[in-house]
Amino acid sequence: MIAFKIIAIAALVLLVRFFLTRGRSLWRDRIVVVTLCAVLVIAIVLPDTTIWLANKFGIVRGVDLAFYAGFLLLFFLVGIQRIRLHDQSEALTSVVRELALLRARLTESEGSPPRP
Amino acid sequence: MTSVPPRVFVLVRAYNEEPVIGEVLDGVTAFWPPEQVVVVDDGSSDRSADVAASRGVRVVRHAVNLGAGAALATGFAYVLERSAEAVVVFDADGQMFPEDIPRVLEPVLHGECDVAVGTRFAGVQPEGLWWLRRVVLRAAAVFTRLTVRLPLSDPHNGFRAFSRKAVEAIRLSQDRFAYASEIAQEIARLGLRWREVPVRIAYTEHSRRKGQSSLGALDIIGDLFWRPKR
């Protein structure tokens with residue numbers, strides 16, 4: 001059980017570290033991730049505390065609160081990645097289109113129809 | 001070749017169509033001057049662009065594959081830069097008949113509508129259309145009627161003609177096949193005048209293998225609901 005707790009906490013710490021140091025995540029995203037991870041770490045280290053916290057949210061069992069927090073964290077991360085992918089896909093489309101049109105203009109200005 | 005109005009382009013989107021694009025372009029250029037035919041090669045990994053270029057047509061090439069909607073938007077941008085008055089969109093997979101190009105274009109050139117949409121269900125029945133594809137196409141028509149309130153019988157038919165006004169006004173944000181539904185949305189949003197024109201479609205071994213799978217309808221619906229407009 002202790003081994004599992006150590007692994008789970010280490011995974012969460014790595015996740016936070018990764019999220020804070022890699023890429024260009026927004027501060028509001030960082031705050032949400034850090035907060036949710038903190039809730040999970042508390043739930044792992046001090047399970048009794050989660051009962052108190054869970055009751056504050058109208059949830060009976062602490063483990064349920066931890067489950068919900070984990071679920072929210074996962075959902076949030078997937079959502080962020082999806083938005084980021086969408087934005088990057090739009091940027092890629094614009095760049096590829098501009099490049100294609102630019103090459104066509106250049107080729108035509110040289111006096112021949114656009115070639116691949 | 002009959003008299004072809006200047007600054008009216010035929011736009012052909014191609015993705016890995018090397019086996020058939022030469023024959024398709026030979027058919028198109030029998031009706032249309034090569035300098036008024038634009039092939040948008042959507043990042044093909046084969047020699048589609050080279051084969052197209054060998055026919056003397058204009059070739060615009062995406063560096064990577066983006067999708068049918070993105071290729072159409074690039075083609076629109078290209079022809080607008082060259083002062084197009086109208087454009088006909090034609091597929092490179094050999095399903096469509098170049099002889100139908102003047103008929104699709106006619107109502108647009110005569111100012112009777114801004115967008116002429118080909119339909120495979122109003123005239124000669126399509127050759128080789130299998131039952132599942134027919135069901136999906138019919139479902140797409142019902143979907144368009146319900147969501148956009150546009151009674152198109154074949155909204156996912158790629159054979160269309162657009163006036164310059166329509167090309168300038170339509171905003172495409174869907175890179176993939178959902179662009180067809182987006183065009184219907186744009187026609188409704190912009191209040192463009194539209195008309196359906198019967199066209200012939202013949203499914204070939206190549207087009208069946210290459211074309212969108214019937215399950216692709218799920219991708220289209222997913223893209224429409226999950227990918228917000230730019």
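No experiment lies behind these values; they were computed from the predicted model shown. Below, chains carry the letters A, B, ... as their sequence lines are ordered, and counting in each starts from 1.
Here the closest non-hydrogen pair linking A:Arg97 and B:Ala70 is NH2-O, 2.9 Å. Considering every non-hydrogen atom in both B:His62 and A:Ala100, the closest pair reads CD2-CB, 4.0 Å. Here the closest non-hydrogen pair linking A:Leu101 and B:Ala77 is CD1-CB, 3.7 Å. Taking every heavy atom of both residues into account, B:Arg61 and A:Arg103 meet most closely at O-NH2, 3.4 Å.
Listed by first and then second residue, the salt bridge (Lys or Arg N to Asp or Glu O under 4.0 Å) pairs that reach into residues 43-70 of chain A are A:Arg61-A:Asp64, sequence neighbours excluded.
Atoms CG and CG, from A:Leu92 and B:Asp175 in turn, are 8.5 Å apart once rounded to the nearest 0.5 Å.
Not counting sequence neighbours, the partners of B:Glu106 by the side chain to side chain contact (heavy atoms under 4.5 Å, CB included) test are B:His110.
For A:Phe76, the CZ atom counts as densely surrounded, since its 6.0 Å shell holds more than 12 non-hydrogen atoms of other residues, nucleotides or ligands.
Contact annotation for B:Glu81: only side-chain heavy atoms (C-beta onward) come within less than 4.5 Å of a heavy atom of chain A. For chain A, no part of B:Ala52 is nearby; none of its heavy atoms comes within less than 4.5 Å.
Inter-residue side-chain proximity for A:Thr107 and B:Val59 is flagged as unmet; no heavy-atom pair is nearer than 4.5 Å.
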